[in-house]
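Read through the structure below, which is laid out as structure tokens, and then see the notes.
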Amino acid sequence: MASRMSDPGSTVPAGTRLLPADAEGLAAAAAILRGGGLVAFPTETVYGLGGDATDPAAVAAIYAAKARPSFNPLIAHVPDLATAQREGAFNDEALRLAEAFWPGPLTLVVPASPTIRVCDLARAGLASVALRVPESGVARALLSAFGRPLAGPSANRSGQVSPTRAAHVREDLDGRIAAILDGGDTAVGVESTVVACLDGPARLLRPGGVTRDRLRAVLGYDPAGPAAADAEAPAGPGLLASHYAPKARVRLDATRVEPGEAVLLFGAVPPEGWETARASVNLSPAGDTTQAAARLFGALRDLDATGVGTIAVAPIPRQGLGEAIRDRLQRAAAPR
Ligand code: TXA
Ligand code: MG
């Protein structure tokens with residue numbers, strides 16, 4: 001089965017520096033951040049567009065670089081739960097989730113605490129704050145070198161597919177940010193699960209790297225949400241229906257591939273007509289949703305790069321990371 005997970009070269013663009021994830025690169029990245037500059041950095045989920053979360057000017061620069069609507073609040077990355085508790089107020093459920101899944105692909109939305117340093121602009125003026133303790137070694141090293149909360153939306157232009165390797169960041173943000181810290185391919189491949197722990201029971205705002213089953217095991221119930229993708233009434237401030245979108249049209253749950261389409265395959269049984277597809281990538285021939293998540297965004301970018309008009313997507317089960325994969329694909333397929 002054709003696999004087109006291309007290996008891009010490593011030419012350094014003018015303007016945006018590509019930094020290796022070694023001691024020197026990390027020190028250079030931390031210095032840029034302390035000076036109010038922007039550095040894209042790898043996490044275990046996707047690359048983040050890092051800027052000083054305590055500095056409104058740096059946060060404004062993030063919104064500008066992404067061309068992101070300023071009503072969409074950012075995640076602040078911190079090194080540990082103790083630091084997170086300086087920024088936000090953790091109720092019992094938030095504490096249990098943090099203890100179970102941090103460091104890792106979980107973001108908790110909690111009320112801002114009186115000692116918060118994350119600035120208003122990073123929170124889009126909300127009374128809550130989104131906090132995450134990443135697991136990736138490079139992200140952790142950067143947080144420790146920088147020493148402040150690091151704002152980090154995914155390092156793509158707003159509405160585009162999230163980046164899972166340094167070359168993807170460069171495609172979107174070359175010349176718009178100071179540097180990219182290159183940590184290779186990310187492990188999880190889809191963004192963190194976002195859970196709100198505010199008043200009442202915990203709510204799932206965005207499915208992601210921590211599956212619903214794992215949340216249920218800790219909470220003792222299935223969290224409500226996310227709301228159906230609806231452009232008029234986003235579930236979270238940033239959860240617009242059309243998001244993660246390639247240029248090509250995306251057609252879901254395809255049981256046959258039409259002439260001229262590219263196809264995103266999953267599992268051992270391809271849809272009818274796949275042999276004549278313009279291009280194809282199998283996210284996981286073995287039908288493993290964890291492997292599929294890790295390859296999803298790279299595959300969408302690779303198929304999109306062929307210039308095809310439509311990407312047909314084979315049915316993907318909801319189990320495990322399938323919920324997050326289906327959520328991203330639904331947004332990619334939403335009318336724009
Ligand atoms: O895996 C990830 O979460 C990546 C890596 C870099 O950490 N980051 C990421 O950030 O995906 P971003 O900005 O693309 O997504 C953050 C999501 C958005 O949907 C935003 O609306 C939501 O979290 N969010 C942030 N603060 C919120 C708040 N106070 N209330 C509700 N939703 C919030
Ligand atoms: Mg994003």
Side-chain angles (χ1 to χ4, degrees), residues 38-51 53 59 62-63 65-78 87-89 101-112 116 118-136 138-140 142-143 149-164 168-169 172-173 181 183 186-198 202-210 225-227 229 234-245 293 297 321 324 327-328 331-332:
L38 305 183
V39 180
F41 65 101
T43 77
E44 68 277 19
T45 58
V46 300
Y47 276 71
L49 175 47
V59 171
I62 292 178
Y63 287 126
K66 278 185 69 85
R68 176 173 209 163
S70 52
F71 55 77
N72 190 352
L74 307 178
I75 295 172
H77 297 75
V78 291
E87 305 299 319
F101 300 118
W102 280 355
L106 174 74
T107 295
L108 291 170
V109 173
V110 297
I116 192 163
V118 175
C119 67
D120 274 356
L121 186 60
R123 289 148 46 210
L126 298 173
S128 56
V129 60
L131 296 164
R132 167 154 128 78
V133 176
E135 187 173 19
S136 121
V138 179
R140 300 187 64 73
L142 181 63
L143 287 174
L150 185 61
S154 49
N156 50 277
R157 297 274 199 125
S158 188
Q160 304 287 310
V161 176
S162 294
T164 56
H168 297 162
V169 179
D172 272 21
L173 298 175
L181 203 49
T186 62
V188 177
V190 289
E191 295 84 346
S192 61
T193 298
V194 182
V195 175
C197 293
L198 300 166
R203 277 182 307 123
L204 179 58
L205 299 184
R206 178 177 75 181
V210 174
L239 300 176
L240 304 174
S242 172
H243 205 155
Y244 310 101
F297 291 141
L321 290 184
D327 171 85
R328 302 307 186 271
R331 291 171 204 286

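All residue numbers in this chain count up from 1 along the given sequence. Atoms within a ligand are numbered from 1 in the order they appear, just like the ligands themselves.
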First locate atom [atom1] of [X], then atom [atom2] of [Y], and finally report the distance between them rounded to the nearest 0.5 Å.
X: H77; Y: T43; atom1: NE2; atom2: OG1; value: 6.0 Å
X: L205; Y: T193; atom1: CG; atom2: OG1; value: 10.5 Å
X: F101; Y: L108; atom1: CZ; atom2: CG; value: 10.0 Å
X: L181; Y: Y47; atom1: CG; atom2: OH; value: 7.5 Å

Can you find an N/O atom of [X] closer than 3.5 Å to an N/O atom of ligand 1?
X: K66; result: no
X: Y47; result: no
X: T43; result: no
X: R206; result: yes

Next on the checklist: Which residue is it: V118, I116, I75? I am looking for the one with a side-chain contact (heavy atoms from CB on, under 4.5 Å) to P149.
Outcome noted: V118

Checklist entry - Among all residues two or more places apart in sequence or in another chain, which pass the salt bridge (Lys or Arg N to Asp or Glu O under 4.0 Å) test with E135? => result none

Next on the checklist: If the contact criterion is a heavy-atom separation under 4.0 Å, does P105 count as touching ligand 1?
Outcome noted: no

Checklist entry - Which option, S162, A151, G189, S154, owns the non-hydrogen atom nearest atom 14 (O) of ligand 1? => result S154

Numbered atoms and elements of ligand 1 in range of [X], under 4.0 angstrom, heavy atoms:
X: L126; answer: 28 (C), 29 (N), 30 (N)
X: A130; answer: 25 (C), 26 (N), 27 (C)
X: R132; answer: 1 (O), 2 (C), 3 (O), 5 (C), 7 (O)
X: G48; answer: 6 (C)
X: L205; answer: 31 (C), 32 (N)
X: H77; answer: 5 (C), 6 (C), 7 (O)
X: I75; answer: 3 (O), 8 (N), 9 (C), 10 (O), 16 (C)
X: S128; answer: 28 (C), 29 (N), 30 (N)

Next on the checklist: If I compare all heavy atoms of K66 with all of P153, which pair ends up nearest, and what's the gap?
Outcome noted: CD-CG, 3.5 Å

Item to check | Nearest non-hydrogen partners of P163 and H168, listed with the distance | outcome: CB-CB, 3.5 Å

Checklist entry - With distance as the sole criterion, is a donor-acceptor pair present between the side chains of S192 and T45 under 3.5 Å? => result no

Next on the checklist: Between E191 and S154, is there a side-chain donor-acceptor contact under 3.5 Å, judged purely by atom types and distance?
Outcome noted: no

Next on the checklist: Any N/O/S atom from S154 (main chain or side chain) under 2.8 Å of the Mg ion (ligand 2)?
Outcome noted: yes

